[in-house]
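Quick note: numbers below take in every heavy atom, side chains included, and nothing from hydrogens, waters or symmetry partners. So that the names make sense, note that chain A is the first sequence line, chain B the second, and so on, each numbered from 1.
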Amino acid sequence: MKYNPNKIEKKWQDKWYKSDIFYAKNGSKSKKFYLLAEFPYPSGDGLHVGHCRSYTALDIIARKKRMEGYNVLFPIGWDAFGLPTENYAIKKGIHPSVATKKNTDTFRRQLKSLGYSFDWSREINTTDPEYYKWTQWIFLQLFKNGLAYKSKIAINWCSSCRIGLANEEVVLGKCERCGTKVEKKEKEQWLIKITEYAERLIKDLDLVDYLEKIKIQQKEWIGKSEGSLVKFPTEGIDNFIEVFTTRIDTIFSCTFLILAPEHKFIDRHKNKIQNIEEVLEYREKSKNTPDAERTNEERAVSGVELKGIKAKNPATGEEVPVWTADFVLGHYGTGAVFADAHDKRDFDLAKKQGIPLRTSIEPADKNIAVKVKTLEICFEGEGILYNSMQFNGLSSAQARSKIISWLGEKGMAQNKTNYKLRDWVFSRQHYWGEPIPLIFCSKCGWQAVAEKDLPVKLPKVKKYKPTETGESPLAEIKNWINVKCPKCKGKAKRETDTMPNWAGSNWYYLAYAFAKNGKYNWDDKKIKYWMPVDWYNGGMEHTTLHLLYSRFIFKFLWDIGAFPKSIGPEPYKKRASHGMVLGEGSVKMSKSKGNVINPDKVVKEYGADTLRVYEMFMGPFDQMIPWDAKGVVGARRFLEKIYKLFNRKKLNKSNAGIELKKIMHKTIKKVSEDIGEMKFNTAVSSMMEFVNAWNISDKDLSEKDSEDFLKILSPFAPHLAEELWFGAKFKGLCCNQKWPKYNTKLIEEEKFLLIVQINGKVRDKIEAKAGILEKEAKNLALSSEKIVKWMEGKEPKKIIFIYKKLINIVI
RNA sequence: GCCCAGAUGGCGGAAUGGUUUACGCGUAGCACUUAAAAUGCUAUGAGCUUCGGCUCAUGUGGGUUCGACUCCCACUCUGGGCACCA
């Protein structure tokens, strides 16, 4: 009989998916385990082998946990709103929902063809009105709690997609999706106050078990910096210009101020700035400089003085000039800085424009100190203060707190914490997203749609294309837009913007707790039972987007009591991440390179189990790894060997070998531990070693050992394990069995290879009893011919003995 | 520029203070075959060798240690993230 995976796999998948064996049981008394894999965006390209890698890994964990007696929730669904589907629909002239249906059907078929043990009864779809009813409900709660507001802001505008982009969607000044240069455009947008949660989003990372690099990336993205606000009086104009600084210890060297070109001070005092035309011209120029060009490191600093404007340094009482320069950002801090010789950009600008400079921080290195004082080089580090009145001689750190309290007493300075994180632009001018459930009334302002009227369904339109003006296509459907104001019943209009991609994935982990066959009945009890997620796996690319957003939304829902408080303020207990699968030669897989591996083809040619085993074996799970078509063959050979051994040497109990049993138990130990640590590659290799040992042995496996082997194989190659389990006439389904335990006694070896070193170099290897101590080991070593030769008659100076490992003789 | 991760045979990798190169791929030889494929077995880091072995090798240079792929310092390169953040 030949191993025929196509036949075997279909058979077992039918059996599994027609039953409820992979269904999670709400409220079961067994210990729950919620294992979450990021749900896919169902693109028209179908499943990627990268999806298979992470889903196989999690499927292995889910199957093992189930065998260990946990009540496992391992769900799947579709994050289906978004631009690619919309663009596809526009191109093909079909409704995006039709494209979505087609794509999800493909994904579902592909995922099932790989035998994943998802709970398909809880499948979710973010584009289902029953689902987005809750997405809209969450938005309304944000709105009602004052966390959603509309504001005219300069947004990142992609002229090709005709869409406003969140900062997170701009990569190196280009649109993340299409690569077009992003422009600045003023537009009314809905924003969400994620910044109010900045501190908690940092602090609560202490409560969770995330990979350290994920925590670091989140913290860096939020970008907390502690400093102070300092007032620079501007007599006769405004009262003062306020600046943010983390280096108030350098204030005595401040010789000028710099404002961001867009700073409102300039607008307020146009008539007082003598060279206002020049200043406005500079502002226009900097506005049109795309961020991409700013990344040019060699770009020289530029700036313009606001002539006729002076400010007073609150520390020295000196009058200093005020400049504007585009390296000062309007949206960070107060949009204004004080400038001095201890900042590289300030230093460069001053040198270039002939602005006077003065130093006040002395570096520890005397040679550098000389060059700093003569303004030959710019010193940005910390040191000892001079030129700083009563603060002379203090270190930078000491001086900072003293200067703040000194200026603070005069009302000129205070402590201040700043974050790089900005509020989240939440509206999109596109069709294929959740409508924002708000109504604008010219009398009453923005009003929430009544909760009983949710969902606000997407209306049918003829054209999905964004309009020339950049407005959403919904803006053209008059009978949908025009509604009554929920408050005064007068004429009002619906918001026509839709929500961004992230809206649906902000809360989907909650949906799985209560979703059933396409119905979404929010259920506190079920949420309480399943949440938080025990183990969440996804890509590193979502660390600063989805992961941060969803943590924020969860915290918000927790705050307003949308589910029981006892769950705690964090949605995910543990977060791990997988490495990408690259094309051969370590380049990214892409259609244009023609190196995309289609999982369907691999399944057809080699079988699902082969694909699963190969993707686990190819390398460490968290690392990027190139696809190797030849490597797939190795996985297939491994499975074939197992199939042959089970059929050829079918359970010859009388010939069972104790040596094989020992290796079996070592393998159980290794595989059990490795799965928990996501070291799937070494788990597979240890099973390969076992099979090799069995193959060359003239003994066979006992019935118990065969059972155990199939059980540990089954998470990796579930179809083959099931087939062989059935073929051996074992009871029930293999995937329903109890995970095997290893016997410690069987793992202990009676003998070992004693490594004998002389001066740390291996000179002999002697087989010895496992229990021997130093004395016996020494005798054994010194009686070896080779060792005697190497000793050259010398006496050992020192002997190091490591139990069960080696003996090192130092001469 | 800053932060994080990494560098081991022809290739993917294993080993986290104690036999470097497990497992897999590839390659070579042998067996089976009319032949090929498939399969099985054997060999496979480099150099030297009197065929007993010896020497060298985990990016580079130092250090700690009886002993370093592993720990420490400096550097080079590769990948990822952030970046005019005051």
Whom does [N] pair with, Watson-Crick or G-U wobble, provided both distances fall under 3.5 Å?
N	answer
B:rC71	B:rG63
B:rG1	B:rC82
B:rC54	B:rG47

Which part of the nucleic acid, if any, lies within reach of [X] when heavy atoms closer than 4.0 Å are counted: base, sugar-phosphate only, or nothing?
X	result
A:K761	sugar-phosphate
A:N692	sugar-phosphate
A:R763	sugar-phosphate
A:M624	sugar-phosphate
A:V328	base
A:Q217	sugar-phosphate

Margin query: Against A:T250, only a single residue in A:D340, A:T359, A:D343 fulfils side-chain hydrogen bond (donor to acceptor under 3.5 Å, both in side chains); can you say which?
Written below: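 Running side-chain hydrogen bond (donor to acceptor under 3.5 Å, both in side chains) over A:D340, A:T359, A:D343 with A:T250 returns exactly one hit, A:D340.
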Among the nucleotides [options], which one has an atom lying closest to any side-chain atom of [X]?
X	options	answer
A:K420	B:rC41, B:rC85, B:rA86	B:rC85
A:V337	B:rC25, B:rA86, B:rC84	B:rA86
A:L329	B:rC4, B:rC41, B:rC85	B:rC85
A:M688	B:rC23, B:rC3, B:rG13	B:rC23
A:S225	B:rA86, B:rG24, B:rC3	B:rA86
A:I755	B:rU19, B:rA22, B:rC82	B:rU19
A:V762	B:rU19, B:rC3, B:rG13	B:rU19
A:F617	B:rG26, B:rA14, B:rG12	B:rG12

Expressed as a whole number of Å, how far does the [atom1] atom of [N] sit from that of [M]?
N	M	atom1	result
B:rC75	B:rA7	C1'	14 Å
B:rA57	B:rG47	C1'	10 Å
B:rU58	B:rU16	C1'	13 Å

So, are [X] and [Y] salt-bridged, with charged N and O less than 4.0 Å apart?
X	Y	value
A:E673	A:K679	no
A:K630	A:D628	no
A:E640	A:R636	yes
A:K593	A:E584	no

Quick one: is [X] getting a side-chain N or O under 4.0 Å of the [N] phosphate, OP1 or OP2?
X	N	value
A:K798	B:rC66	yes
A:N681	B:rA22	no
A:K644	B:rA38	no
A:R637	B:rA38	no

Which is it for B:rG26, anti or syn, if anything within 90° of zero counts as syn?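 That one's anti.
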- Glycosidic conformation of B:rG52, taking syn as within 90° of 0 and anti otherwise: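 Syn conformation for B:rG52.
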**Message:** Taking the nucleotide of RNA chain B with the nearest heavy atom to each, does A:W790 or A:I800 sit closer to the 5' end?
**Reply:**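 Nearer the 5' end of the strand: A:W790.
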On RNA chain B, compare the nucleotides closest to A:K679 and A:S686; which residue's is nearer the 5' end?
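Its nearest nucleotide being more 5', the pick is A:K679.
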If we ignore hydrogens and angles and just use 3.5 Å, is the side chain of A:T246 paired with the main-chain N or O of A:E226 as donor and acceptor?
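Absent.
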_Near RNA chain B, counting only heavy atoms under 4.0 Å, which residues of residues 801-811 of chain A show up?_
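By residue number: A:I802, A:K805, A:L806, A:N808, A:V810.
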- Residues from residues 240-259 of chain A sitting under 4.0 Å of RNA chain B, heavy atoms only?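 Contacts with RNA chain B under 4.0 Å: A:F244, A:T245, A:T246, A:R247.
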Any heavy-atom pair between the side chains of A:R53 and A:Y614 that's under 4.5 Å?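 Not touching, per the 4.5 Å side-chain cut-off.
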* Asked: Is any N or O donor-acceptor pair between the side chain of A:Q757 and the base of B:rG18 shorter than 3.5 Å?
  ->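 Flag set: donor-acceptor pair detected.
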